[in-house]
Structure formats: structure tokens, C-alpha cells
Colleague: 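Got a structure for you, written out below as C-alpha cells; questions coming shortly.
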There are 2 protein chains.
Amino acid sequence: MTAPRAQIARAEVLCRERGVRLTDQRRRVLEILCAAGRPVGAYEIMDAMREGPRVVAPPTVYRALEFLLEQGLIHKIESLHAFVGCDHPEHPHSSEFLICLECGGVAELKDDAVERSLESVTRESGFRPRRRVVEVMGTCAQCAHKEECARKEEADRSPGPVD
Amino acid sequence: MTAPRAQIARAEVLCRERGVRLTDQRRRVLEILCAAGRPVGAYEIMDAMREGPRVVAPPTVYRALEFLLEQGLIHKIESLHAFVGCDHPEHPHSSEFLICLECGGVAELKDDAVERSLESVTRESGFRPRRRVVEVMGTCAQCAHKEECARKEEADRSPGPVD
DNA sequence: GGACGACATGATATCTTATAACGTGCCGAC
DNA sequence: GTCGGCACGTTATAAGATATCATGTCGTCC
Ligand SMILES: [Zn+2]
Ligand SMILES: [Zn+2]
Ligand SMILES: [Zn+2]
Ligand SMILES: [Zn+2]
């Protein structure tokens, strides 16, 4: 939940340090992702870019996304065919994502227990891991709370059979 | 690694028990998946079905896949846009998958440690999980071994600098 | 300064994956 | 018999991703 501005600034620094170019197009895509604060599809990004000076075609967006993925500045959410900005891109990593099916929000976790258990189970089977995809879909705390409240209110109005 | 025949038979029983219909098309899709023993895309399934009596269109395949997913007889591998037969469909579940990038093979795990750690980390954040996607991409034991052997042989032929 | 190569982008077309919408046929319930 | 639910057929199209070739941009080397 870093401020979008700060995220961009950090990305600038990282890219300079690494000797790679955060070009206008790439920064623009990153800005859109960070500002959204939720998963955004490639074509939605493209639409957002149309607002700007130039019209862009799919390959432009996908190339920018490829770069940002390589630099660990964003992540791809496989189960949504969408992308999100990374909250701590200092060193590239795989993360765990909690995806709310109600509000579409996504939280990026970094849980050692999950990583350790995955590490050990892959090791045991002689598997050499390269990339991890961990995506849990369900209902986030906020939405669960709202649901709870709605149910409660409902019950108050008509105190029918206690379930 | 159950025999395809046995998997189909088990699916028949399960569907009868549940009062749902494992129709010809659905069984055919399941057969193709089980026989392949690796992830297969929807359109590849469709091609395989063309060999049979009737030509089928995408919706037919996707409907069959939807049913099989609902019944927990197959899984979808999100990162590959492909499907695999489930090895233990007795009660529907989410699993962890090890996906080999060399040979394309997939192993379905069922690891309590991974599940427990995911469970606890989601609980902590008040998140109510519904479906888990856990896919680890890398190199399987077999392929890693082959690579190892190749390297060794190479070293034997030209005993250059020891790495 | 001009030639060159590396890299980023533009532009067009195409491919892959997935779903919408509507119609038909089967079968059991009533 | 007819009604309703369900599986499937058929056509079209949406949504996501890539292949290919052309153009531009910029620093380096001579
Ligand atoms: Zn991250
Ligand atoms: Zn939510
Ligand atoms: Zn399974
Ligand atoms: Zn392998």
C-alpha cells in the first residue's frame, strides 16, 4: 500500500542502479498499475494509455510489462490474466496473493512459513523450483465484514428462525 | 500416476453416487486428459476429439471441462492455460503442482504443511479462502538428473577448469 | 561528422484462449 | 401429451498474447 508516487520514484532509482532504462512507456504502464492499486489487464492498461499523447498497440504494452516483470517491479496474477505493482521491488521475488472475489482487491503477502514449506516439499521430490505462483481466491476481511453486517441487519429487521 | 482406465472407472462411480451424469462428451474429455498424463489445453482436447465420431466446437469442450472441474475430477493449471486429470478425486480439493519447464510434466502434490501455512496466513489477515492456486515452475528430478549427466559427460570428455 | 549497432517503439496481422447467444433434441415428471 | 431441465450443436465474437517487419533514437567508433 505504498503511495504510487513513491513507488515510481523507487523504480527510477532501481533502474538507474541496474543500468536499465525506465522509458516513458514503461513508466506510464507502471504508473497506471500503481495508481490502480488492483490487478489490471493488459488491454485495460492499453485503454488507459490511449488517454495520453499517443495511441499504443498491444505489443507495446506487453513489451513494457515484460520489462517490468523482469525487473521485479510488477507481478502477474495468473488466475486473473492481470498485473499489479509490487510493494517491495528491491530484490525480485515470488509472492503469495490474496484475491478478493467480491471487491477485486489483491494483497501481496510475503510469508516465510509458506515459502519454507513449499521449499521443503519441492526439495524432497528432487524438484528445482524457479518461479512460484501462489494465489488464494476468496473474500477479504473488509468484504467479509460487510457481509456480516448485512446479515446482522437483516436478522434484526426480521428476527426469524435462529440459524 | 493412476492408470487411465482406473481413473475413468472411479469417475463413473463418483458421478453415479452424486447423481450427476458423466456423459459421452464428458467422459471423452476426461479420457483424453487422463491418457495424456500431462497438462492439455482446451483446443488440444478439441483436436483430439475431432478424431472421434463428431466434430466439436469450443463451447462443447469448455462445458465438459466446467463440469469436470466442478466435480473435482480435473484441475486447471492457471499458469499454463491447461488442464490435468486429478489423481484422487474422492473429495474435491485444491492442490499444489510442480510443473517442469523442460519436459512439461506436472506432479500433483497434497502437502499438509503448505496448506496449513496458507491457512494460517489467510486466517490472520481475516481473509476467507475459497480456492487455492499453487503452481511451482522449475525442473523436475528426472530432467535435473539428465542435465547433470550431460554436464558430467561433457566434463569427462574435456577435463577443463573445475567449476 | 557519418557509419554503425543496440535497443526501444510503431504498425499490422495473426494466433490462442474463452465466452455469449440462441437453437435443437432428449428424457423424465406431471 | 406437454412442460421443464439439461446436455449439446452452431455461430459469432470477446479477450488475451505473440510474430514479424519497419522505423526511430542514441551513443560509440572511426
Ligand atoms: Zn512483490
Ligand atoms: Zn473484498
Ligand atoms: Zn487433485
Ligand atoms: Zn522434467
Side-chain angles (χ1 to χ4, degrees), chain A residues 11-12 15-16 18-33 36 38-50 52-71 73-84 104 133 135 137, chain B residues 11-12 15-16 18-33 36 38-50 52-71 73-84 104 133 135 137:
Chain A
E12 299 260 24
C15 286
R16 213 172 2 246
R18 294 174 188 167
V20 296
R21 294 170 55 194
L22 185 63
T23 63
D24 282 358
Q25 303 278 34
R26 292 166 178 175
R27 187 188 307 102
R28 191 127 171 61
V29 170
L30 183 58
E31 280 169 1
I32 290 167
L33 284 177
R38 62 176 176 83
V40 184
Y43 279 70
E44 201 181 338
I45 293 172
M46 203 175 78
D47 289 343
M49 290 178 84
R50 284 194 203 287
R54 300 178 199 171
V55 170
V56 297
T60 301
V61 177
Y62 278 101
R63 283 192 284 237
L65 289 170
E66 189 184 4
F67 170 86
L68 297 170
L69 283 170
E70 275 169 6
Q71 296 301 320
L73 297 169
I74 65 172
H75 297 291
K76 177 168 192 181
I77 312 280
E78 294 288 349
S79 54
L80 296 179
H81 305 275
F83 305 82
V84 288
V133 172
E135 301 169 5
M137 276 150 280
Chain B
E12 300 260 24
C15 286
R16 214 173 1 246
R18 294 173 188 167
V20 297
R21 293 170 54 194
L22 185 62
T23 63
D24 282 357
Q25 303 277 34
R26 292 166 177 174
R27 188 186 309 103
R28 192 128 172 60
V29 169
L30 184 58
E31 279 170 1
I32 290 166
L33 283 176
R38 60 175 178 85
V40 184
Y43 279 70
E44 201 182 336
I45 293 172
M46 205 176 77
D47 289 342
M49 290 178 83
R50 283 192 202 290
R54 299 179 201 170
V55 171
V56 297
T60 301
V61 177
Y62 279 100
R63 283 192 284 238
L65 289 169
E66 190 184 3
F67 170 86
L68 297 170
L69 284 170
E70 275 168 7
Q71 296 303 319
L73 297 168
I74 65 173
H75 296 291
K76 177 169 190 179
I77 312 281
E78 293 288 348
S79 54
L80 297 179
H81 306 276
F83 305 81
V84 288
V133 173
E135 300 169 5
M137 275 150 282

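In what follows, every heavy atom counts, from backbone to side chain, and hydrogens, waters and symmetry copies are set aside. Order of the sequence lines sets the chain letters (A, B, ...), proteins ahead of strands, with each chain counted from 1.
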Colleague: Between dA15(D) and Tyr43(A), is there an OP1 or OP2 to side-chain N/O distance shorter than 4.0 Å?
Modeller: no
Colleague: Which heavy atom in Leu69(B) sits nearest to a heavy atom in Phe83(B), and how many Å separate them?
Modeller: CD1-CE2, 4.1 Å
Colleague: If you only use heavy atoms from C-beta on, which nucleotide in dT10(D), dT18(D), dA18(C) is closest to the side chain of Pro58(B)?
Modeller: dA18(C)
Colleague: Between His81(A) and dT17(C), is there a contact of a side-chain N or O with OP1 or OP2 at under 4.0 Å?
Modeller: no
Colleague: Expressed as a whole number of angstroms, how long is the span from Asp47(B):CG to dC15(C):P?
Modeller: 14 Å
Colleague: Got more than 12 heavy atoms from elsewhere within 6.0 Å of CZ, Arg50(B)?
Modeller: yes
Colleague: Give a yes/no answer on whether the side chain of Thr60(B) brings an N or O atom under 4.0 Å of OP1 or OP2 in dC8(D).
Modeller: no
Colleague: Atom CD of Glu66(B) to atom P of dA7(D): distance rounded to whole Å?
Modeller: 10 Å
Colleague: Please state whether the phosphate of dA18(C), meaning OP1 or OP2, lies under 4.0 angstrom from any side-chain nitrogen or oxygen of Lys76(B).
Modeller: yes
Colleague: Of the nucleotides dT19(C), dT10(D), dG10(C), which one has an atom closest to the side chain of Arg63(B)?
Modeller: dT10(D)
Colleague: Starting at CZ of Arg21(B), measure out to CD of Gln71(B) and round the result to the nearest 0.5 Å.
Modeller: 13.0 Å
Colleague: Take atom CE of Met49(B) and atom P of dA7(D), then tell me their distance rounded to the nearest Å.
Modeller: 15 Å
Colleague: Between the two end axes of the helix from dG1(C)-dC30(D) to dC30(C)-dG1(D), each built from 5 base pairs, what angle do you get to the nearest 10°?
Modeller: 10°
Colleague: Can a side chain N or O of Arg54(B) be found less than 4.0 Å away from OP1 or OP2 on dG9(D)?
Modeller: yes
Colleague: Work out which heavy atom in Glu12(A) is nearest to a heavy atom in Arg27(A); give both atom names and the distance.
Modeller: OE2-NE, 3.0 Å
Colleague: Taking DNA chain D as the partner, which of residues 19-29 of chain B come within under 4.0 angstrom of it by heavy atom?
Modeller: Arg21(B), Thr23(B), Gln25(B), Arg26(B)
Colleague: Could you pull out the closest heavy-atom pair between Met49(B) and Ile32(B), with the gap in Å?
Modeller: CG-CD1, 3.6 Å
Colleague: Quick check for you: among dG9(D), dT12(C), dT17(C), whose closest atom lies nearest to any side-chain atom of Pro59(A)?
Modeller: dT12(C)
Colleague: Whole-Å distance between dT9(C) C1' and Phe67(A) CZ?
Modeller: 14 Å
Colleague: Give the rounded distance in Å between these two atoms: CG of Leu65(A) and P of dA15(D).
Modeller: 18 Å
Colleague: Between Glu70(A) and Arg18(A), is the closest basic N to carboxylate O distance under 4.0 Å?
Modeller: no
Colleague: Can you label the angle between the His81(B) ring and the His81(A) ring as parallel, tilted or perpendicular, going by 30° and 60°?
Modeller: parallel
Colleague: Give the rounded distance in Å between these two atoms: CE of Met46(B) and P of dT16(C).
Modeller: 11 Å
Colleague: Let me know the distance between OH of Tyr62(A) and P of dT16(C), rounded to the nearest Å.
Modeller: 15 Å
Colleague: Once you round it to whole Å, what is the distance between C1' of dA14(D) and CD of Glu44(A)?
Modeller: 15 Å
Colleague: With side chain to side chain contact (heavy atoms under 4.5 Å, CB included) as the criterion, how do Val61(A) and Tyr43(A) come out once you've worked through the C-alpha distance, each side chain's angles and the decisive distance to 0.1 Å?
Modeller: CA-CA 8 Å; Val61(A) 177; Tyr43(A) 279 70; over 6 Å; no
Colleague: I'd like to know if the side chain of Gln25(B) reaches the main chain of Ala64(B), judged simply by a donor and an acceptor atom lying under 3.5 Å from each other, with no hydrogens or angles considered.
Modeller: no
Colleague: Please report the closest heavy-atom contact between Pro39(A) and Ala82(A), naming both atoms and the distance.
Modeller: CB-CB, 3.7 Å
